[in-house]
Amino acid sequence: MEGTNNEEEAYLSLQRSGFIPDYIHIFDLNSGRKNLLDYDVLLIPGGFSAGDYIRAGAIFAARLRAYIRDLQKFNDLNRVILGICNGFQVLSELGMLPDTGNKMERSMVLAVNESNRFECRYTYFNYTSRNKIFESAFRDRIMQVPVAHLEGRVLFKNENILDEVLQNDQILFKYTNPDGTGSGYPWNPNGSVMDIAGISNENGNVIGLMPHPERVYYNFQMMPDGHVHEKGTGEYFFKAIYNYTKKLFD
């Protein structure tokens with residue numbers, strides 16, 4: 001972590017879901033005090049790492065690139081690598097998302113929102129995949145979730161990349177209105193192509209999303225909207241990752 005601001009919410013969400021989480025600073029890796037491969041899940045939280053200078057996530061990604069072999073090994077072991085908001089931007093900069101064809105080449109960007117302003121509010125997403133991690137937890141659910149970002153508009157290098165993402169079933173979540181019948185602004189807060197809120201790599205274990213499920217772990221953290229939310233979006237989300245990870249190591 002370097003200049004993030006969502007690490008505590010992320011830590012608590014993992015802890016509440018059954019994990020025994022730990023904070024890792026980039027200096028911990030540099031000094032050898034900690035090793036990425038000693039962990040079962042890697043979460044890069046939201047925030048404004050390195051002040052978002054140059055562009056969001058670029059500097060933090062450049063510093064993590066020194067550990068790209070460990071990140072690739074983590075990926076090869078099918079362990080979850082999760083980037084939320086700024087973490088999504090970092091994974092994009094590293095070429096780990098969408099990573100069609102397993103080339104580790106940068107092929108998408110989280111561009112400035114179409115509104116050209118910071119968007120901070122609640123919206124909704126629905127699950128649009130058959131991903132092995134989230135299928136049972138999110139099938140047929142429309143979930144409320146907060147967003148808070150200036151650079152969150154998913155754009156791909158070219159249409160061929162988008163075609164591959166679609167063919168590989170890599171779009172996990174799409175922005176929608178509360179009843180799932182449409183999108184557009186303000187429900188899609190940034191103008192992402194195809195209303196994309198979250199994607200995975202081809203294998204489904206490297207995950208990036210702009211919304212913040214860690215901020216709504218409990219249902220009382222969600223805005224009243226006339227719907228009954230038995231649990232917070234975050235509980236569904238992080239419990240699904242825990243259940244997948246537990247099976248991976250059983």
Side-chain angles (χ1 to χ4, degrees), residues 4-22 40-47 79-88 119-149 152 169 171-183 186-189 195-200 204-250:
T4 58
N5 65 12
N6 277 181
E7 65 272 13
E8 185 172 1
E9 294 98 324
Y11 181 101
L12 290 173
S13 293
L14 291 169
Q15 186 180 64
R16 291 161 179 162
S17 299
F19 290 104
I20 303 172
D22 187 19
D40 301 330
V41 171
L42 174 63
L43 194 164
I44 306 174
R79 299 178 187 178
V80 171
I81 300 176
L82 171 62
I84 300 175
C85 198
N86 193 244
F88 187 7
E119 299 284 349
C120 181
R121 62 173 174 281
Y122 285 80
T123 186
Y124 294 81
F125 63 44
N126 59 357
Y127 176 71
T128 57
S129 174
R130 298 179 302 278
N131 182 278
K132 57 194 172 186
I133 299 172
F134 300 107
E135 172 69 10
S136 60
F138 278 94
R139 188 190 303 118
D140 301 324
R141 294 186 188 277
I142 297 171
M143 305 300 295
Q144 186 186 113
V145 68
V147 292
H149 57 259
D169 189 34
I171 300 176
L172 297 178
F173 304 104
K174 290 187 178 183
Y175 297 110
T176 182
N177 62 6
D179 59 11
T181 59
S183 56
W187 307 112
N188 177 340
D195 300 313
I196 294 173
I199 66 171
S200 73
N205 64 301
V206 179
I207 299 153
L209 69 164
M210 288 310 297
H212 288 273
E214 78 281 10
R215 294 183 177 179
V216 283
Y217 191 88
Y218 296 115
N219 57 0
F220 61 76
Q221 295 173 301
M222 300 163 76
M223 292 289 289
D225 59 3
H227 295 278
V228 176
H229 300 284
E230 295 179 359
K231 300 177 182 178
T233 301
E235 183 172 350
Y236 287 109
F237 185 85
F238 289 98
K239 279 282 190 181
I241 295 174
Y242 175 79
N243 291 333
Y244 165 80
T245 303
K246 190 173 184 296
K247 289 179 182 178
L248 197 64
F249 289 92
D250 278 348

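The shown structure was predicted, so the numbers you read here are calculated from the model rather than taken from an experiment.
- Between F238 and L82, the closest heavy-atom pair is CE2-CD2, 4.1 Å.
- Between the OH atom in Y217 and the CE atom in M222 there is a gap of 13.5 Å [rounded to 0.5 Å].
- In this structure, D250 CG and T245 OG1 are separated by 10.5 Å, a value rounded to the nearest 0.5 Å.
- Of the candidates T123, D195, N126, N188, D195 is the only one forming a side chain to side chain donor-acceptor pair (under 3.5 Å) with S183.
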Steps toward side-chain contact (heavy atoms from CB on, under 4.5 Å) verdict (F19, L43): CA-CA 12 Å; F19 290 104; L43 194 164; over 6 Å; no
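- Every residue was checked against the side chain to side chain donor-acceptor pair (under 3.5 Å) condition with N219, not counting sequence neighbours, and none meets it.
- Taking CZ from R79 and CG from N205, the interatomic distance works out to 11.0 Å, rounded to the nearest 0.5 Å.
- Contact check for P45 versus E9: no side-chain heavy atoms found under the 4.5 Å cut-off.
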Evaluation steps, side-chain contact (heavy atoms from CB on, under 4.5 Å), between S200 and N131: CA-CA 9 Å; S200 73; N131 182 278; 4.1 Å; yes
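- Distance CG/D169 to OG1/T128: 7.5 Å, rounded to 0.5 Å.
- Between R121 and P186, the shortest heavy-atom distance links the atoms NH2-O, 2.6 Å.
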Chi angles and distances behind the side-chain contact (heavy atoms from CB on, under 4.5 Å) call for L209, I84: CA-CA 5 Å; L209 69 164; I84 300 175; 4.0 Å; yes
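- Across V147 and P211, no two heavy atoms sit closer than the pair CG1-CA, 3.9 Å.
- Between F134 and F237, the ring center distance clears the sub-6.0 Å criterion.
- In this structure, Y244 OH and D40 CG are separated by 11.0 Å, a value rounded to the nearest 0.5 Å.
- The two residues G46 and H212 make their nearest non-hydrogen contact at CA-CE1, 4.3 Å.
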Side-chain donor-acceptor contacts of residues 171-178 below 3.5 Å, not counting sequence neighbours, with atom names and distances?
from, atom 1, to, atom 2, distance (Å)
Y175, OH, N190, ND2, 3.3
T176, OG1, G182, O, 3.1
N177, OD1, G180, N, 2.9
N177, OD1, T181, N, 2.9
N177, OD1, G182, N, 3.3
N177, ND2, D179, OD1, 3.3
N177, ND2, T181, OG1, 3.1

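- Taking a 6.0 Å sphere around NZ of K132, one finds it holds more than 12 heavy atoms contributed by other residues, nucleotides or ligands.
- Rounding to the nearest 0.5 Å places OG1 of T233 at 11.0 Å from CD of E214.
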I44/N86 under side-chain contact (heavy atoms from CB on, under 4.5 Å): CA gap, chis, key distance, verdict: CA-CA 8 Å; I44 306 174; N86 193 244; 5.9 Å; no
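- R16 places no side-chain N or O within donor-acceptor distance of the main-chain N or O of Y218, the cut-off being under 3.5 Å.
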Show me, pair by pair, the donor-acceptor contacts under 3.5 angstrom made by side chains of residues 135-145, not counting sequence neighbours?
from, atom 1, to, atom 2, distance (Å)
E135, OE1, Y127, OH, 3.2
E135, OE2, R139, NE, 2.9
E135, OE2, R139, NH2, 3.3
R141, NE, A137, O, 2.7
R141, NH1, Y236, OH, 3.3
Q144, OE1, M223, N, 2.6
Q144, NE2, Y124, OH, 3.3
Q144, NE2, M223, O, 3.0
Q144, NE2, D225, OD2, 3.1

